[in-house]
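Beneath this line is the structure, given in structure tokens, with notes to follow.
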2 protein chains.
Amino acid sequence: MEEPRKRARPGRTPAPTGRTSRPRQAEVARLAGVSQATVSLVLGGRKQGATISEETRQKVLDAVRSLGYVPDPAASRLAAARNNLLGVFSFTSTFPTDVQHSYYPFLVGVEQEAAARGYDLVLFTGSSTGGAGAAGPHALNRVRLADGCLFLGRHAPADELRRLVADGFPVVHLGRRDELEGLAWVGADYVSAGKEVVAHLAGLGHRRIVLVREDDEAPASTDREHGFLKGLEEAGLPGGPAAVFRSADPEHDLTAERLRGWLDDGVTAFVAEETDTGDAWRALHNAAHFVGIDCPRDASLALLGSPPPDLSDGPMPTGFDIPRPQLGAAAVRMLAALVAGEQATEPLVACAFRPGTTAGAPPAHH
Amino acid sequence: MEEPRKRARPGRTPAPTGRTSRPRQAEVARLAGVSQATVSLVLGGRKQGATISEETRQKVLDAVRSLGYVPDPAASRLAAARNNLLGVFSFTSTFPTDVQHSYYPFLVGVEQEAAARGYDLVLFTGSSTGGAGAAGPHALNRVRLADGCLFLGRHAPADELRRLVADGFPVVHLGRRDELEGLAWVGADYVSAGKEVVAHLAGLGHRRIVLVREDDEAPASTDREHGFLKGLEEAGLPGGPAAVFRSADPEHDLTAERLRGWLDDGVTAFVAEETDTGDAWRALHNAAHFVGIDCPRDASLALLGSPPPDLSDGPMPTGFDIPRPQLGAAAVRMLAALVAGEQATEPLVACAFRPGTTAGAPPAHH
DNA sequence: GCGCATTACTAATACGCATTAACGATCCGG
DNA sequence: CCGGATCGTTAATGCGTATTAGTAATGCGC
């Protein structure tokens with residue numbers, strides 16, 4: 001006839017000293033003369049089914065106030081099976097020394113939207129080796145700590161991402177990313193925005209428009225061209241290869257001569273895409289200046305994005321702004337939806353048209 | 001002879017659906033053919049007393065990798081360990097729309113140092129603008145999820161902070177904060193930096209130097225003045241109230257007349273403090289310009305900090321730079337020390353002297 | 001080949017809270 | 001006055017991990 005429990009009590013040692021730790025629900029319960037469960041129910045806000053008498057509720061709340069009780073978030077999150085944490089992972093440093101290349105504008109929206117939804121943010125850095133030696137090819141697994149994760153930049157390794165997605169871990173990529181089946185993403189609607197700019201120019205009376213773009217296969221570039229061509233088509237203007245000037249080194253290739261040629265051909269408006277370097281716009285800007293174009297009198301210019309910092313003093317270019325904060329917010333919205341088990345939300349975010357001062361009516365034709 | 005347990009099993013419902021959730025230690029254990037405790041031991045780093053054979057350790061690590069296991073921070077926290085998470089809490093938005101007012105420069109250092117030490121960062125979005133009422137009086141308690149927390153800005157409510165400190169939660173405040181007993185902080189060593197600037201001017205031959213400061217009791221201001229006066233004293237130069245010009249509205253009070261008066265009295269160098277607004281420096285700058293001073297030929301100027309953005313195009317002021325990234329890094333170092341139960345590290349961070357071009361030898365005296 | 005120390009691992013908690021089946025009490029209709 | 005419904009509360013359990021007492025296996029000296 002053996003005792004079912006002979007062992008001395010294992011487990012963790014109780015508080016080493018009598019130091020006053022913060023109060024627990026159990027202590028509140030004792031003071032209020034109720035059970036711990038009742039305390040939890042009172043504090044947990046009114047849920048369905050649970051009914052608490054007003055008298056009890058007050059006793060509990062009084063005890064809570066008197067003890068200065070605050071819930072332990074770790075315990076709550078353990079019990080609730082979620083932790084209200086959204087991950088933000090960027091392969092490069094999230095806060096590089098050079099502010100220009102940072103994700104700051106996105107983070108503005110990410111933080112706001114996350115806060116509005118009651119989420120906190122966990123920042124993972126790709127470059128860091130990370131806690132328990134989880135470096136190497138499995139570094140991305142660290143993000144599983146959060147309820148879901150946002151990826152910034154185009155360097156996140158595809159196979160790791162695929163693994164996360166396959167495991168049902170909520171992931172959202174900031175920037176279009178079609179090649180990865182099942183990966184949720186949000187991106188700017190460059191097609192519509194490009195179309196809109198062309199429509200604006202066409203509305204001003206321009207009949208021949210040329211796009212200057214860099215030699216790049218990034219979705220952001222091809223989308224802009226796509227929108228540009230679509231805009232021409234819808235306006236009944238000539239499209240085709242002649243309407244697009246593509247160069248790996250526009251600053252060198254976009255000569256004054258070439259620009260004069262276009263002007264002679266009846267081209268009255270030029271559109272450049274925005275890129276990291278801003279080379280397309282800079283080349284167009286310089287060539288126009290060199291030829292002595294008075295913009296927008298002699299010709300109109302438009303920029304599909306924002307000017308690079310070194311050209312931001314000049315006149316505000318007609319075009320559109322990439323809504324980076326809104327993109328960040330949209331990404332959080334989608335991530336929150338995925339975490340909640342809902343459908344992904346709308347991935348495309350509209351770009352705001354920017355009237356600017358570099359586009360006007362084409363010069364009168366004699 | 002009654003069964004000790006008749007009740008049906010209460011408690012929480014099991015996983016509602018068969019959706020793949022994150023792997024647990026138990027699953028790793030099953031895959032590796034060991035017990036959950038062994039997994040915990042292997043992952044917990046080698047502690048005293050626990051010995052694991054290399055073979056078992058490898059089996060476990062393989063299973064961990066193969067399943068993509070990462071520990072649940074809430075659970076490890078609850079089990080009274082650490083979770084390699086450091087909190088970052090700012091009363092205002094961490095990423096304000098206006099980059100100028102952001103904590104970005106600090107975050108650069110915080111991220112680097114945290115990454116280097118294997119910590120990830122939790123950004124508590126607590127007090128951000130759009131917060132859906134989540135910012136109760138106990139909002140600060142959320143930070144307890146992390147191993148420790150960094151506080152940015154001077155708006156963190158004192159009583160809440162005190163509560164955290166009293167409970168033994170590791171907290172570091174970025175910026176001097178003496179009035180709160182027991183609060184650890186890191187701050188720039190404005191006293192030494194101010195002294196150094198004065199020493200530099202004295203070394204150039206200046207004998208009468210005046211400090212222009214705003215009417216502000218912030219530690220950053222009083223420290224600068226303290227250092228300034230100390231510098232005068234060590235150089236054997238006249239200090240006292242006459243050496244400090246204090247004004248709530250320097251742009252209005254620092255007239256050309258007053259400046260001329262100083263010059264006539266033999267003052268050859270002027271020092272201004274940096275503040276949010278940069279008013280002291282701006283006033284000094286404008287007055288000097290108005291009087292027609294050729295700096296540094298006619299008089300020397302120095303700035304205890306960096307110029308405001310609108311004056312950043314001018315000549316680089318002699319003075320010092322506030323080492324914001326280093327401050328962030330130092331804060332993380334101290335926080336890590338506190339988390340590890342060690343003593344707080346050195347709170348003061350040296351400011352880098354900036355030679356600049358606005359200080360030179362005083363004009364020859366005839 | 002018997003104690004005893006060491007090694008390698010496991011069983012059994014405990015952490016603080018949320019959840020839920022169950023239970024006593026009261027109320028109600030017939 | 002009895003079966004059922006409703007209300008208010010509680011006991012019991014689980015979340016995932018860290019910790020520690022205990023144990024089986026092995027090595028060692030005499």
Side-chain angles (χ1 to χ4, degrees), chain A residues 4-16 21-30 32-57 59-60 64 69-83 132 144-145, chain B residues 4-16 21-30 32-57 59-60 69-84 141 144-145:
Chain A
R5 292 213 189 75
K6 250 296 191 48
R7 288 153 166 278
R9 68 153 204 47
R12 71 188 348 267
T13 337
S21 74
R22 47 202 209 95
R24 312 290 160 202
Q25 279 190 354
E27 288 154 62
V28 174
R30 207 174 311 138
V34 298
S35 73
Q36 175 266 321
T38 303
V39 175
S40 177
L41 286 177
V42 170
L43 295 180
R46 48 163 201 70
K47 292 289 180 187
Q48 54 196 359
T51 53
I52 303 283
S53 73
E54 190 53 32
E55 186 194 343
T56 302
R57 148 175 268 102
K59 274 192 307 186
V60 170
V64 162
Y69 166 85
V70 284
D72 179 336
S76 311
R77 285 167 179 181
L78 218 213
R82 41 177 257 257
N83 53 19
R144 301 179 109 114
L145 167 154
Chain B
R5 295 217 186 71
K6 254 283 188 60
R7 289 153 167 279
R9 73 150 201 50
R12 74 187 343 268
T13 338
S21 70
R22 302 171 29 200
R24 315 287 158 202
Q25 279 189 356
E27 288 153 61
V28 174
R30 208 174 310 138
V34 298
S35 73
Q36 174 266 322
T38 302
V39 175
S40 177
L41 285 177
V42 169
L43 295 181
R46 52 164 201 69
K47 295 288 182 187
Q48 53 194 0
T51 51
I52 303 284
S53 72
E54 190 52 33
E55 185 192 346
T56 302
R57 151 174 266 100
K59 274 193 306 187
V60 169
Y69 166 85
V70 285
D72 180 327
S76 33
R77 186 68 194 161
L78 185 57
R82 45 188 318 158
N83 52 21
N84 277 340
N141 281 305
R144 299 183 115 113
L145 174 74

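Small disclaimer: the values here were computed from a predicted structure and weren't measured.
The end-to-end axis angle of the helix from dG1(C)-dC30(D) to dG30(C)-dC1(D), rounded to 10 degrees and based on five pairs per end, is 50°.
Contact check, Gln25(A) against dA18(C): a side-chain N or O comes under 4.0 Å of OP1 or OP2. Taking only side-chain nitrogens and oxygens, Thr51(B) comes nearer than 4.0 Å to OP1 or OP2 of dA8(C). Contact between the side-chain N/O atoms of Ser76(B) and the OP1/OP2 oxygens of dT17(D) is not found at any separation under 4.0 Å. Residue Thr56(A) has a polar side-chain atom (N or O) positioned under 4.0 Å from OP1 or OP2 of dT9(D).
For Arg82(A), the side chain to side chain donor-acceptor pair (under 3.5 Å) test picks out Asn84(A), with sequence neighbours left out.
The nearest pair of heavy atoms linking Ser40(A) to Gln25(A) is CB-OE1, 3.6 Å.
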Intermediate values then yes/no, side-chain contact (heavy atoms from CB on, under 4.5 Å), Asp72(B) and Leu145(A): CA-CA 6 Å; Asp72(B) 180 327; Leu145(A) 167 154; over 6 Å; no
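Among the protein residues, Thr38(B) comes within range of the nucleic acid bases, having at least one heavy atom under 4.0 Å from a base atom. At the heavy-atom level, Ser53(B) lies under 4.0 Å from the strands shown only through sugar-phosphate atoms. Among the heavy atoms of the strands lying under 4.0 Å from Val34(B) are primed sugar atoms or P, OP1, OP2 only; no base atom is included.
Listed for the Arg22(B) side chain is a donor-acceptor partner under 3.5 Å among the backbone atoms of Arg144(A).
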